[in-house]
Amino acid sequence: MTTVLFDFSGTLFRVESTERWLRAVLDAAGIALAEPELAETARALEAAGALPGGATPVRLPEEIAGVWRVRDQSAELHRAAYTGLSRQVPLPDPALHDALYDRHRTPAAWSPYPDAREVLSGLRERGSRIGVVSNIGWDLRPVFRAHGLDRYVDAYVLSYEHGVQKPDRRLFKVACEALDADPRDTLMVGDDRRADGGAAALGCAVHFVDHLPAAERPDGLRPVLDLLG
């Protein structure tokens with residue numbers, strides 16, 4: 001393998017908890033909720049699947065189902081899908097739904113997995129080309145820059161910039177072409193067996209990691225180094 005493609009959320013980075021997400025937005029808005037109410041609201045948002053990169057919806061409202069299926073094909077669809085889920089939960093101010101969406105796009109909302117830097121730098125030292133292939137509706141490059149990981153990435157292929165989302169093999173093809181890589185010499189690393197597994201249709205090898213909180217997955221990426229020998 002000479003090229004490694006990584007998914008973003010749940011693979012290299014983990015989004016903050018739903019409670020921390022909500023608390024940050026309420027604090028920025030100067031709105032105070034009693035702790036039991038804040039905790040209950042966070043649980044409701046989590047059940048709704050309103051935090052991108054967090055839990056999937058327990059129940060997908062019928063009126064959102066259509067946009068949900070194609071949410072990663074444009075910035076507008078992504079925002080509509082997630083704010084639509086958020087609006088299933090009453091908040092003190094309706095403007096908070098958009099504020100929550102905006103918060104999750106900031107570097108402060110994301111943390112690299114503990115071994116992300118070690119693995120990316122190890123691949124770089126071996127001369128591997130590295131790409132990030134993500135189903136997403138916003139530019140994640142500032143997150144990588146803020147956490148000092150941008151230096152290891154040769155190409156970003158983001159679904160909303162191409163109007164195509166994983167598992168469509170076309171997105172992986174764009175990534176391989178951007179890196180001048182042969183799919184047969186390329187490894188895709190991700191946490192979603194359906195979405196990331198789509199790389200196999202192009203001829204890439206695929207390796208899966210578990211989508212867990214960072215503290216529960218301290219070394220889940222390290223086997224990638226062993227796979228490349």
Side-chain angles (χ1 to χ4, degrees), residues 7-33 35 37-58 60-61 63-113 116 132-150 153 156-163 165-166 191-192 195 211 213-214:
D7 174 51
F8 167 57
S9 174
T11 299
L12 288 175
F13 281 82
R14 174 75 182 195
V15 75
E16 63 190 340
S17 70
T18 309
E19 185 168 325
R20 179 180 163 183
W21 174 57
L22 174 61
R23 190 183 299 275
V25 169
L26 290 173
D27 288 348
I31 297 173
L33 290 182
E35 285 300 316
E37 185 179 0
L38 189 149
E40 178 56 35
T41 302
R43 282 193 292 269
L45 287 166
E46 184 156 344
L51 173 59
T56 56
V58 171
L60 189 62
E63 66 272 19
I64 298 173
V67 71
W68 179 257
R69 287 192 293 271
V70 295
R71 65 191 181 278
D72 296 311
Q73 293 183 14
S74 77
E76 295 76 17
L77 290 169
H78 196 267
R79 178 182 284 272
Y82 282 103
T83 56
L85 292 174
S86 174
R87 289 189 175 95
Q88 306 300 306
V89 180
L91 295 177
D93 182 342
L96 291 173
H97 297 290
D98 277 305
L100 283 169
Y101 183 84
D102 291 337
R103 162 72 187 183
H104 104 274
R105 297 188 302 167
T106 65
W110 297 88
S111 297
Y113 277 92
V132 171
V133 185
S134 178
N135 278 353
I136 199 165
W138 50 276
D139 187 4
L140 52 72
R141 295 172 183 86
V143 175
F144 278 79
R145 287 196 294 269
H147 291 280
L149 298 184
D150 180 66
V153 180
Y156 295 91
V157 178
L158 312 181
S159 61
Y160 84 103
E161 294 181 339
H162 298 277
Q165 63 188 49
K166 299 180 289 187
D191 67 295
D192 188 318
H211 189 141

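There is no side-chain donor-acceptor pair under 3.5 Å between His97 and Tyr82. With 3.5 Å as the limit, one finds a donor-acceptor pair spanning the side chains of Glu46 and Thr18. With hydrogens and angles left out, the side-chain atoms of His104 and Trp138 include a donor and acceptor closer than 3.5 Å.
Minimum interatomic distance between Pro107 and His147 (heavy atoms only, all atoms of both residues): O-NE2, 3.1 Å. The shortest heavy-atom contact between Ala48 and Val89 is CB-CG2, 4.2 Å. What you find for Leu38 and Leu22 is that their closest heavy atoms are O-CD2, 3.7 Å. The minimum heavy-atom distance linking Ala29 with Leu96 is given by the pair CB-CD2, 4.0 Å. What you find for Trp110 and Val143 is that their closest heavy atoms are CB-CG1, 3.9 Å. When every heavy atom of Ser17 is checked against every heavy atom of Leu51, the shortest pair comes out as C-CD2, 4.2 Å.
Salt-bridge check for Arg23 with Glu35: passed, with a basic side-chain N closer than 4.0 Å to an acidic carboxylate O. The pair Arg103-Glu16 meets the salt-bridge criterion, with a side-chain N (NZ, NE, NH1 or NH2) lying under 4.0 Å from an Asp/Glu carboxylate O. Taking the charged nitrogens against the carboxylate oxygens, Arg105 and Asp139 have no contact shorter than 4.0 Å, which rules out a salt bridge. In summary, Arg79 and Asp98 engage in a salt bridge, as defined by a charged side-chain N under 4.0 Å from a carboxylate O.
Glu161 places no side-chain N or O within donor-acceptor distance of the main-chain N or O of Val157, the cut-off being under 3.5 Å. In terms of modelled atom types and a separation under 3.5 Å, the side chain of Thr11 and the main chain of Asp191 share a donor-acceptor contact. Not one N or O on the side chain of Glu19 forms a donor-acceptor pair closer than 3.5 Å with the backbone of Ala39.
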For Leu85 and Trp68: C-alpha separation, side-chain torsions, deciding distance, then whether side chain to side chain contact (heavy atoms under 4.5 Å, CB included) applies. CA-CA 10 Å; Leu85 292 174; Trp68 179 257; 3.3 Å; yes
Leu26 and Trp21: CA distance, side-chain angles, deciding distance, side chain to side chain contact (heavy atoms under 4.5 Å, CB included) verdict: CA-CA 9 Å; Leu26 290 173; Trp21 174 57; over 6 Å; no
Side chain to side chain contact (heavy atoms under 4.5 Å, CB included) between Glu40 and Arg43, intermediate numbers included: CA-CA 5 Å; Glu40 178 56 35; Arg43 282 193 292 269; 2.9 Å; yes
Verify salt bridge (Lys or Arg N to Asp or Glu O under 4.0 Å) between Asp7 and Lys166, making sure each step is shown before the conclusion. CA-CA 10 Å; Asp7 174 51; Lys166 299 180 289 187; 3.0 Å; yes
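Atoms CD1 and CG, on Ile31 and Leu91 in that order, are 8.5 Å from each other to the nearest 0.5 Å. One distance of note links OG of Ser74 with NE2 of His162; it measures 14.0 Å at 0.5 Å rounding. In this structure, Leu12 CG and Ser111 OG are separated by 13.0 Å, a value rounded to the nearest 0.5 Å. Separation of atoms OG1 (Thr83) and OH (Tyr101) is listed at 8.0 Å; rounding is to 0.5 Å. The CG atom of Asn135 sits 10.0 Å away from the CG atom of Leu158 when rounded to the nearest 0.5 Å. The CG atom of Leu77 lies 9.0 Å from the CG atom of Asp72; values are rounded to the nearest 0.5 Å.
Using a 4.5 Å heavy-atom threshold, the side chains of Pro52 and His78 count as touching. Residues Ile64 and Gln88 meet the side-chain proximity criterion, which asks for heavy atoms closer than 4.5 Å. Side-chain atoms of Ser9 and Arg14, non-hydrogen and from C-beta on, never get closer than 4.5 Å to each other.
More than 12 heavy-atom neighbours from other residues, nucleotides or ligands sit within 6.0 angstrom of CZ on Arg145.
Classified by interplanar angle (parallel below 30°, tilted 30° to 60°, perpendicular above 60°), the ring pair Phe144/Phe8 is tilted.
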